[in-house]
Trainee: 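Once you've had a glance at the structure underneath, I'll fire off some questions.
Just so it is clear, the model here is predicted, and its values are computed rather than measured.
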Amino acid sequence: MADNLQCLRCGAPMALPEDFGVWLVRCQYCGFESELPDRAARQAYAERRQQEAASLARVQADTARAETERQRSRYKQRRLTVFIVLGSL
């Protein structure tokens with residue numbers, strides 16, 4: 001990546017954003033907006049991160065759903081055991 005990013009209009013130095021979801025920068029001196037030279041790589045990285053976050057959310061939801069189902073199953077087993085024990089008295 002270019003560490004010496006400069007405004008295309010006035011030549012002022014500009015800081016490279018650390019957020020990879022950003023691919024447009026505005027010069028703080030003249031206000032000119034320019035596209036970063038590594039826009040494609042930044043966009044691909046941002047999209048990959050978004051897909052990973054969505055995948056993680058699905059896994060967490062599946063895990064929570066499975067745990068809820070296990071708890072329901074245990075409750076039903078305990079309730080059945082109590083009925084069997086009380087019925088045999």
Trainee: Which atom pairs, one a donor and one an acceptor, fall under 3.5 Å between side chains of residues 49-64 and the rest of the protein, sequence neighbours left out?
Mentor:
{"unit_1": "Asp62", "atom_1": "OD1", "unit_2": "Arg65", "atom_2": "NH1", "d": "2.8"}
{"unit_1": "Thr63", "atom_1": "OG1", "unit_2": "Val59", "atom_2": "O", "d": "2.8"}

Trainee: Run the side-chain donor-acceptor check on residues 10-29: report pairs under 3.5 Å with partners two or more places apart or on a different chain.
Mentor:
{"unit_1": "Asp19", "atom_1": "OD1", "unit_2": "Gly21", "atom_2": "N", "d": "2.9"}
{"unit_1": "Arg26", "atom_1": "NE", "unit_2": "Glu33", "atom_2": "OE2", "d": "3.4"}
{"unit_1": "Arg26", "atom_1": "NH2", "unit_2": "Glu33", "atom_2": "OE2", "d": "2.6"}

Trainee: Who pairs with Glu47 by side-chain hydrogen bond (donor to acceptor under 3.5 Å, both in side chains), at least two apart in sequence or on another chain?
Mentor: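 Per chain and number, Glu47 pairs via side-chain hydrogen bond (donor to acceptor under 3.5 Å, both in side chains) with no residue.
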Trainee: Can you tell if the side chain of Leu5 reaches within under 4.5 Å of the side chain of Ser34, non-hydrogen atoms only?
Mentor: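 Heavy-atom side-chain distance check fails, nothing below 4.5 Å.
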